[in-house]
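Since this is a predicted model, take the numbers as computed values, not measurements. Here is the naming used below: chain letters follow the sequence lines, and residue numbers restart at 1 for every chain.
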Amino acid sequence: MKKWSQTFIPTLKESPADAEIASHKLLVRAGLVRKLGGGLYTFMPAGLRVMQKISQICREEMERARPDHERAGAIEVWMPHVHPAELWEEGPRWAAAREIMFRVDHAGAGKGRSKEPEFVLGPTHEEVVTPLVKAEITSYRDLPKNFYQISTKFRNEIRPRYGLMRAREFVMMDAYSFDATDDGAIKSYLAMKASYEAFFKRLGIVAIAVEADTGVMGGSFSHEFMVPAEIGDDDVIYNEESGYAANREKATSALVPADLADAAPVGAIEEFATPGVVTIAALEAAPYSVPADKQFKTLVFVGDGTPFVVIVRGCDDVEEAKLGALGFQLWRPATPEEIEPVLGAKPGSLGAVKGTIKNPSALAGVFADHAIRLIGNGTTGANKDGFHLRNVNVARDLAITKFGDFRRVRVGEPDVKSGKPLQARRGIEVGHIFKLGTKYSEKFNAVYTDDKKQSHHMVMGCYGIGVSRTLQAIIEQSNDADGIIWPWAVAPWQVVVTNLDPQDATASGVAEKLAAAAEAAGADVLIDDRAERPGVKFKDADLLGFPLRLTVGGKGLKEGIIEMKWRAEKDVKKVPLADAEAVIAAAVRAAGAAKA
RNA sequence: CGGGGUGUAGCUUAGCCUGGUAGAGCGCCUGGUUUGGGACCAGGAGGUCGAGAGUUCGAAUCUCUCCGCCCCGACCA
């Protein structure tokens, strides 16, 4: 047991000026963290305890075998955080990742290779673990393996935000699975999914698995674990009944029927003058009066240096994340200066009708969203400033390289599973699992020999849990006007013994006895022995969110009772002194069992 | 990096528009009275007003530059 006076929990009455959201304010007010700079935080004793508890639960769930998925538990390692930059240059995502990586120049900077950093601080460890496994594992007999670590990660976020929610330096669990076969990799993936679900359940928070984009990580499929919260950075698109849930970046709908037949063209293409019209809205207005869902929106992007065209309906938005399916490493919207020489017009008059593109060979392709097939006799730019074309039909007229899903779904569209309308809510991404495939094993040539003496690339998966972010997400999900309400499993201390008369030997003796009883039953106990007035102690206990409070004071002792109060409940139970130890022990055991 | 905001004591802030000795609350220190939901009284310490330059007899206040922080966008655990 710990005495309050012997640790350090600097609570604040007022919220810090730079905190916006509840969990950030409470983190600071409850004395769990202090800020060093943007996205950089010191963990104070109570905050550190929570982080250690989350880490420990994470560790236990990672190590746990998943026989239902034919997988042993993951194996803990510790990898360096300073990485030779060459390793990343060799890897598959240097171009995409370098912007967020902290660069470490060596002591003699200036001589030799001055442009490139000598070292970088690790944002994750694929580039470290893959060469390691390549060197150490060469036989199918040693596969599968899954290595994980819980450690600090560094990302020079463009915009750190909301305290620990998006920090420059943060604690993450990262795991990397290596399998001999694709089937095996799927088993590893599903085993990790099960471990994640068990982990979040033990923490006592709601985190739902949703289909996600693979982003810069690459790979074939992935799930994010989202804590529903208004302040979340991501939109989860879902339907309660069908169970469909996906990140907006990835979400699809059944808007376009699979058996859709192209509408029959009703006439030849006609060019018409549209002076000054450069927006969808302007073309919708009189005198043109072309509804947005009858317009082709033609956008130009640059992928790895080469321009390409994406077409969606005028009423739709391109979901840029979905362009990742096209295979580019890096892509961005093109500038007007890049567009004109290729298409022949400025943005606002662009189109992809056959024969109108000025320099089609300069394009990496014309990619069309499926939904444009809903347009018959539509309108698009003529690739001539101030002119558009009408009676444009998809199959007959457009120079399309490939169809795909490139549009952003909207709430209310039919779910692909049930046809019921999709809904949206915000979420905090606390975990992410990827089936990577052979992207990294090919790049680093991580191969093994099978039982037929054949050599194959290992099939990888990678997995992350934002430990420090999860800590804050728990607070965001579980608080009230008085402060934090910690779930039992992660509370810095599960029981606080509030001694109202610490200078009185009787009260102190009782407090110690109750604390010992709670501790013996399995709780972490903090005794508030400070020479503060009762009000201060109660307020601090509520703010810190200890699940169970035991109050000892002269007034109660005269009556022969102590008080027991759950943070999440309103009523205070009076417990006769004689029964107190037994009642407390039972309460602690029940709480521990319920959350175990 | 673009847009918006902000910077005054450990914390929360007033003062800035309209230039003239820098104020409050909380916290802290001393003494006293209190003692079951952030006590009260008396006294006290604590401020290069983010930094630099400029305008002015005089700048927290006006001007310029830079920096930090916060919010919105792209990115992420």
Expressed as a whole number of angstroms, how long is the span from A:Lys153:NZ to B:C76:C1'? 14 Å
Spacing of A:Trp4 atom CH2 relative to B:G38 atom P, expressed in whole Å: 16 Å
Looking only at side-chain atoms of A:His432, point me to the closest of B:A77, B:G38, B:A74. B:A77
Rounded to whole angstroms, how far apart are CD1 on A:Ile100 and P on B:A77? 8 Å
What's the CD1-C1' distance between A:Ile231 and B:C71, to the nearest Å? 14 Å
Within the supplied structure, the quantity of interest is the number of heavy atoms (other residues, nucleotides, ligands) at a distance under 6.0 Å from A:Glu230 CD; does it exceed 12? no
For B:U61 versus B:G20, give the span between their C1' atoms, rounded off to a whole number of Å. 11 Å
Expressed as a whole number of angstroms, how long is the span from A:Phe8:CZ to B:G10:P? 15 Å
Contact class for A:Gly38 (heavy atom, under 4.0 Å): base, sugar-phosphate, or nothing? sugar-phosphate
Taking only the side-chain nitrogens and oxygens of A:Lys13, find out if one of them lies under 4.0 Å from OP1 or OP2 of B:U12. no
For A:Phe154, answer base if it contacts any base atom (sugar-phosphate contacts may also be present), sugar-phosphate if it contacts only those atoms, and nothing otherwise; contact means non-hydrogen atoms under 4.0 Å. nothing
From B:G36, B:G38, B:A74, pick the nucleotide closest to the side chain of A:Lys539? B:G38
Rounded to whole Å, CG of A:Leu323 lies from P of B:A74 at a distance of 14 Å
For a quick check under 3.5 Å, do A:Thr11 and A:Asp540 share a side-chain donor-acceptor pair by atom type? yes
Which of these nucleotides, B:U13, B:G27, B:C70, is closest to any side-chain atom of A:Glu20? B:C70
Along nucleotides 42-50 of chain B, 5' to 3', which nucleotides get a B, which get an S, and which get a -, given that the test is a protein heavy-atom distance under 4.0 Å? ---------
When every non-hydrogen atom of A:Phe308 is compared with those of A:Val302, the smallest separation belongs to CE2-C, 3.9 Å
For a quick check of understanding: with a heavy-atom distance under 4.0 Å over all strands, which category does A:Asp234 fall into, base, sugar-phosphate or nothing? base
Using the C1' atom on both, measure B:G46 against B:U8 and round to a whole Å. 14 Å
Taking atom P in both B:C26 and B:A22, compute the distance separating them and give it to the nearest angstrom. 23 Å
Closer than 4.0 Å, any side-chain N/O of A:Arg161 to the OP1 or OP2 of B:C72? yes
If you check the A:Pro534 side chain, which of B:G36, B:C75, B:G38 turns out closest? B:G36
Any chance the side chains of A:Arg71 and A:Ser188 put a donor and an acceptor closer than 3.5 Å? yes
Bracket notation of RNA chain B in which parentheses pair within the strand, [ ] cross earlier pairs, and | pairs with another strand (Watson-Crick or G-U, under 3.5 Å): (((((((..((((......[..)))).((((((.....)))))).....(((((..]....))))))))))))....
N/O donor-acceptor pair, side chain A:Glu532 with base B:G38, under 3.5 angstrom: no
Enter the distance from A:Asp529:CG to A:Asp501:CG here, rounded to the nearest 0.5 Å. 12.5 Å
At 4.0 Å (heavy atoms only), tell me whether A:Arg168 reaches a base, stays on the sugar-phosphate, or touches nothing. nothing
Using a 4.0 Å heavy-atom cut-off across all strands, classify A:Arg549 as base, sugar-phosphate, or nothing. base
Between B:C1 and B:C64, how far apart are the C1' atoms? Round to whole Å, please. 23 Å
Quick one: do A:Glu76 and A:Arg59 make a salt bridge, cutoff under 4.0 Å? yes
Sticking with atom C1', work out how far B:C75 lies from B:C29, rounded to a whole angstrom. 49 Å
Which of these nucleotides, B:C76, B:A74, B:U12, is closest to any side-chain atom of A:Arg155? B:C76
Interatomic distance, A:Ile474 atom CD1 to A:Phe200 atom CZ [nearest 0.5 angstrom]: 9.0 Å
Expressed in whole Å, how much space separates the C1' atoms belonging to B:U55 and B:U65? 15 Å
Quick one: label A:Asp501 by what it contacts on the DNA or RNA (base, sugar-phosphate, nothing), any heavy atom closer than 4.0 Å. nothing
Assess the side chains of A:Glu169 and A:Thr152: does a donor N or O sit below 3.5 Å from an acceptor N or O? no
Rounded to the Å, how far apart are A:Lys537 NZ and B:G38 C1'? 13 Å
So, are A:Lys3 and A:Glu512 salt-bridged, with charged N and O less than 4.0 Å apart? yes
Quick check on RNA chain B: between A:Arg159 and A:Glu429, whose nearest nucleotide comes earlier from the 5' end? A:Arg159
What does A:Pro16 touch in the nucleic acid at a heavy-atom separation under 4.0 angstrom: a base, only the sugar-phosphate, or nothing? sugar-phosphate
Value in whole Å for how far the P atom of B:A74 lies from CD of A:Glu320: 9 Å
Go through it in stages, so that I can follow the logic: the residues are A:Phe199 and A:Phe225, the test is ring pair (Phe, Tyr, Trp, His ring centres under 6.0 Å), and I'd like the CA-CA distance, side-chain angles, deciding distance and then a yes or no. CA-CA 11 Å; A:Phe199 166 70; A:Phe225 285 76; 9.4 Å; no
By the 4.0 Å heavy-atom rule, please label A:Ala167 as base, sugar-phosphate, or nothing. base
Check every atom of B:C69, B:C76, B:G38 against the side chain of A:Asp233 and return the nucleotide holding the closest atom. B:C76
A:Tyr162 side chain near B:C72 phosphate (N/O to OP1/OP2, under 4.0 Å): yes
Polar contact flag, side-chain donor to acceptor under 3.5 angstrom, A:Arg93-A:Thr124: yes
Side chain of A:Asp18 (C-beta onward), nearest among B:G37, B:C70, B:C71: B:C70
When all nucleic acid strands are considered with a 4.0 Å heavy-atom cut-off, which category describes A:Ser15: base, sugar-phosphate, or nothing? sugar-phosphate
From B:U13, B:A77, B:U34, nucleotide with atom closest to A:Arg533 side chain: B:U34
For A:Lys145, I'd like to know if atom NZ has over 12 heavy atoms of other residues, nucleotides or ligands within 6.0 Å. yes
In whole Å, what separates the P atom of B:A39 from that of B:A51? 35 Å
Answer with base, sugar-phosphate or nothing: what part of the nucleic acid does A:Val430 contact at a heavy-atom distance below 4.0 Å? sugar-phosphate
Out of B:A77, B:C1, B:G36, which has the shortest distance to the side chain of A:Phe538? B:G36
How far, in whole Å, is B:C49 from B:G15 if one measures between their C1' atoms? 11 Å
Scan residues 559-578 of chain A for pairs that pass side chain to side chain donor-acceptor pair (under 3.5 Å), counting only residues two or more places apart or in two chains. A:Asp480-A:Arg567
